[in-house]
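All chains are named by letter (A, B, ...) in the order of the sequence lines, taking the proteins before the strands, and each is independently numbered beginning at 1. Side chains included, hydrogens not; waters and symmetry mates left out as well; all remaining heavy atoms used.
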Protein chains: 2
Amino acid sequence: MDEYMEQIRSSGRRLTRQRKLVLEILNDSQEHLDADMIYDRAKSVDPNIGLATVYRSLALLKEIGLVQEHRLGENHGHFEKTQPTPHHHFTCLKCGRVIEFEAPQVIEAAYKLCENEGLQVTEMHLHLSGYCSQCHEGKLNCE
Amino acid sequence: MDEYMEQIRSSGRRLTRQRKLVLEILNDSQEHLDADMIYDRAKSVDPNIGLATVYRSLALLKEIGLVQEHRLGENHGHFEKTQPTPHHHFTCLKCGRVIEFEAPQVIEAAYKLCENEGLQVTEMHLHLSGYCSQCHEGKLNCE
DNA sequence: TTTACTGCAAAACATTTGCAATGAG
DNA sequence: CTCATTGCAAATGTTTTGCAGTAAA
């Protein structure tokens with residue numbers, strides 16, 4: 001955690017109470033929080049924090065690479081602390097559950113493909129949707 | 001094209017002038033249009049069409065599966081007619097160009113992985129960003 | 001004729017920005 | 001001290017909704 005704080009400082013930006021708090025909230029949560037959820041949790045610690053500050057902190061943390069933003073089917077962003085191993089997301093269209101999965105082969109294949117075309121890849125998002133095992137039980141398997 | 005119109009009808013919805021127009025616009029364009037671009041083009045044919053109708057038509061066409069929505073890094077949707085072969089998108093962070101690419105191995109691998117976990121996949125979005133060949137020329141290759 | 005669909009204007013969200021006050025370095 | 005950062009409120013941009021009128025079936 002402390003090394004993350006240091007990363008903020010060494011990016012030339014100031015390590016403020018608010019930025020620390022946003023990062024801590026993401027660090028403590030294994031879910032994919034949206035800006036409003038982060039704002040709510042932040043307010044319970046620091047009631048004076050503003051939503052704009054949450055957005056600005058998230059933008060900074062993304063810029064530094066400590067945080068990633070994902071679009072999980074809804075039209076607002078979800079945020080999570082950057083994980084050591086890249087992973088991807090599956091959203092159940094019925095229950096809304098988000099399942100994470102690793103897919104090294106997929107990542108590998110996509111990178112190679114792009115590099116062959118002269119593209120320099122800096123970010124990759126794989127998002128699937130459908131029905132999780134609980135939700136598609138009892139449904140026909142056709143389609 | 002006519003069979004698409006039929007698909008709207010057979011979904012139990014009405015085949016209106018406006019829905020036809022939105023579908024035609026997407027059919028005629030190889031780009032990834034956003035709602036506003038579609039609205040502009042639609043107005044040039046039918047000046048009375050409303051933006052809300054464009055959104056409602058897009059939602060219907062998505063529901064039927066004739067149209068797909070993608071998030072290409074910006075915070076609004078881009079739409080394209082569903083293609084026969086699934087494909088994916090790369091956005092250049094510098095020039096904004098969107099490059100499409102096919103990746104059967106990637107799709108295959110991701111599907112298999114999910115099915116092994118009991119997930120029924122209905123949709124898949126792979127989005128990469130980085131720098132296209134024109135834009136990363138002259139830059140250092142180290143990250 | 002019926003009622004799903006449209007256009008409009010207003011509402012609902014999501015996110016960003018201007019600015020005076022504040023606090024990190 | 002200094003100026004990057006904050007909180008607030010207002011602006012922006014995207015998408016949705018309520019409703020009376022219109023048109024597809």
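- Along DNA chain D, the nucleotide nearest A:L60 and the nucleotide nearest A:Y39 are compared for position; the residue whose nucleotide lies closer to the 5' end is A:L60.
- Annotation: of the two residues near DNA chain D, B:E69 and B:R13, the 5′-most nearest-nucleotide partner is B:E69.
- Taking only side-chain atoms of B:R71, from C-beta outward, the nucleotide of D:dA25, C:dT6, D:dT15 with the closest atom is D:dT15.
- If you take CG of A:N75 and P of C:dT15, they are 8 Å apart, rounded to a whole angstrom.
- Spacing between atom CG of B:N48 and atom C1' of D:dT22 amounts to 12 Å, rounded to whole angstrom units.
- A:Y111 and B:I99 fall within a single hydrophobic cluster, where Ile, Leu, Val, Met, Phe, Trp and Tyr side chains are chained together by heavy-atom contacts under 4.5 Å.
- A:Y55 has a side-chain polar atom (N or O) that falls below the 4.0 Å cut-off from OP1 or OP2 of C:dT15.
- Side-chain to base pairing of B:R56 with C:dG7: one donor and one acceptor N or O lie within less than 3.5 Å of each other.
- What separates CD1 of B:I49 from C1' of C:dC8 is a distance of 13 Å, to the nearest Å.
- In this structure, the CZ atom of B:R19 is 10 Å from the P atom of D:dA25, given to the nearest Å.
- Atoms CG and SG, from A:L128 and B:C114 in turn, are 4.5 Å apart once rounded to the nearest 0.5 Å.
- Closest to the side chain of A:R14, out of D:dT6, D:dT2, C:dC5, is D:dT2.
- In the set D:dT15, C:dT15, D:dA25, the nucleotide with an atom closest to the side chain of A:H76 is C:dT15.
- Applying the side-chain hydrogen bond (donor to acceptor under 3.5 Å, both in side chains) definition to pairs two or more places apart or across chains, those involving residues 33-46 of chain B are B:R17-B:D46, B:E31-B:R41, B:D34-B:H76.
- Here D:dA25 presents its C1' atom at 9 Å from CZ of B:R9, a figure rounded to the nearest Å.
- Electrostatic pairing of B:R13 and B:E63 counts as a salt bridge here, judged by a charged N lying under 4.0 Å from a carboxylate O.
- Rounded to a whole Å, the CD atom of B:E74 is 15 Å from the C1' atom of C:dA14.
- Residue A:R17 contributes atom CZ, which lies 16 Å from atom C1' of C:dG25 at whole-angstrom precision.
- Between D:dA23 and B:Q18, no contact under 4.0 Å exists linking OP1 or OP2 to a side-chain N or O.
- Here C:dA24 is the nucleotide among C:dG7, D:dT17, C:dA24 with the atom lying nearest to any side-chain atom of A:T16.
- Of the candidates C:dG7, C:dT15, D:dC8, the closest approach to any side-chain atom of A:L51 belongs to C:dT15.
- Counting only N and O atoms by type, the side chains of B:E80 and B:H78 include no donor and acceptor under 3.5 Å apart.
- For the pair A:H78 NE2 and C:dA14 C1', the computed distance is 12 Å after rounding to whole Å.
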